[in-house]
Amino acid sequence: MKPFGWGWKVSVGVLALGLIIASTSFGPSVNAESKIATDKKMEKKNALPKGFVYLDKIIPSAQYDIRYYGEYNFVGKRIDGYKAPFAIMTTQAAAALKKVSDDLEKEGYILIIYDSYRPEKAVSHFVKWAKDIKDVKMKKEFYPKLDKANLFKLGFISSKGAHERGSTIDLSTANKATGKEVDMGSKFDFFGDISFHGTKLITKLQTSNRNVLKNAMLKNGFKLYSKEWWHYTLIKEPFPDKYFNFNVE
């Protein structure tokens, strides 16, 4: 027998040709990740109301994972008012958050920004979604142990919130050297006791990770929300009674 004869060479050649064709024809598709990467190159409109800034201009070192621009959120689709994957805050809140970023970078961390200013139309979208009890597309991911009908009563969704005033931020931290997200014990926007400050459902290390972020935020003038480890509001916010509805673009 001559297993490596001419016939074998033909087979190998055909296989190689097939692999070349496959790699050419069936390469990376335009998926959500590549689309967001493309969208991140979008130009800012730079038409913000007075007193607001784009956060990446103030904190370029942060990671920006604007969840309500994409579909990986508790609703399962892009939220009204998010025309681009940008983070916007009041000038005062952005300046305070820059101090947080500077403090954490000294400890080996960078910020991950999930959401900041949120238009009123986005909140209306949440309210509309919450009233549609049959839409439980993302229940397994974000509220597996809760009845969707109780999300308002439990304080996870509100018809009017701090984000619309421009000085509230949803965030986490990542390792500065590796860019890897720090383990906080539960994901952003997970509705349940495990996301509460002071919960006993997470490890000591996860609690410590949350405290690193919490201590930096409190030190620089933010207050926490007890049911969401990622949610902070500037105490001396410039628009305590004003709610905005301009698009994120």
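All values derive from a computational prediction rather than experimental measurement.
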To the nearest 0.5 Å, what is the distance between [atom1] on [X] and [atom2] on [Y]?
{"X": "Leu104", "Y": "Leu213", "atom1": "CG", "atom2": "CG", "answer": "6.5 Å"}
{"X": "Ser101", "Y": "Leu111", "atom1": "OG", "atom2": "CG", "answer": "4.5 Å"}
{"X": "Phe246", "Y": "Ile88", "atom1": "CZ", "atom2": "CD1", "answer": "5.0 Å"}
{"X": "Gln63", "Y": "Ile112", "atom1": "CD", "atom2": "CD1", "answer": "4.5 Å"}
{"X": "Lys139", "Y": "Asp147", "atom1": "NZ", "atom2": "CG", "answer": "6.5 Å"}
{"X": "Leu151", "Y": "Trp129", "atom1": "CG", "atom2": "CH2", "answer": "5.5 Å"}

Is any side-chain heavy atom of [X] closer than 4.5 Å to a side-chain heavy atom of [Y]?
{"X": "His163", "Y": "Val123", "answer": "no"}
{"X": "Arg210", "Y": "Thr199", "answer": "yes"}
{"X": "Val248", "Y": "Tyr69", "answer": "no"}
{"X": "Glu237", "Y": "Thr90", "answer": "no"}
{"X": "Leu97", "Y": "Phe222", "answer": "yes"}
{"X": "His125", "Y": "Lys77", "answer": "yes"}

**Item:** Phe196 and Phe156 aromatic ring geometry - parallel, tilted or perpendicular at 30°/60° bounds
**Value:**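 Phe156 and Phe196: tilted rings.
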**Item:** Donor on one side chain, acceptor on other, Asp115 and Tyr82, under 3.5 Å
**Value:** yes
**Asked** With no hydrogens and no angle check, do the side chains of Arg78 and Tyr68 hold a donor and an acceptor under 3.5 Å apart?
**Response**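 On atom types as modelled, these side chains do not qualify, holding no pair under 3.5 Å.
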**Asked** Does Lys187 make a cation-pi contact with Trp230 (under 6.0 Å, within 45 degrees of the axis)?
**Response** no
**Fill in**
Smallest heavy-atom separation, Val100 atom then Ala216 atom, equals CG2-O, 3.6 Å
**Message:** Treating Ser116 as the side-chain partner and Met89 as the backbone partner, does any N or O pair qualify as donor plus acceptor under 3.5 Å?
**Reply:**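 No; judged by distance alone, with no hydrogens or angles, the pair does not exist.
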**Request:** Say whether, by atom type as modelled, one donor and one acceptor occur between the side chain of Lys236 and the main chain of Gly221 under 3.5 angstrom.
**Result:** no
**Prompt:** To which residues is Leu205 joined in a hydrophobic cluster, defined by side-chain heavy-atom contacts under 4.5 Å among Ile, Leu, Val, Met, Phe, Trp and Tyr, whether direct or through other members?
**Reply:**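 Via sub-4.5 Å side-chain contacts, Leu205 links to none.
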Does this structure show an ion pair linking [X] with [Y], if we count only N-O contacts that are shorter than 4.0 Å?
{"X": "Asp80", "Y": "Lys128", "result": "no"}
{"X": "Arg118", "Y": "Asp170", "result": "yes"}
{"X": "Arg67", "Y": "Asp65", "result": "yes"}
{"X": "Asp102", "Y": "Lys98", "result": "yes"}

**Message:** Which residue is it: Phe142, Tyr72, Tyr114? I am looking for the one with a ring-ring contact (aromatic ring centres under 6.0 Å, His included) to Phe188.
**Reply:**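 Of all the options given, the one that passes is Tyr114.
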**Request:** Sequence neighbours left out, what passes ring pair (Phe, Tyr, Trp, His ring centres under 6.0 Å) with Phe239? Give chain and number order.
**Result:**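 For Phe239, the residues satisfying ring pair (Phe, Tyr, Trp, His ring centres under 6.0 Å) (neighbours in sequence not counted) are Phe52, Phe244.
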**Lys121 atom NZ: more than 12 heavy-atom contacts under 6.0 Å** =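 Yes.
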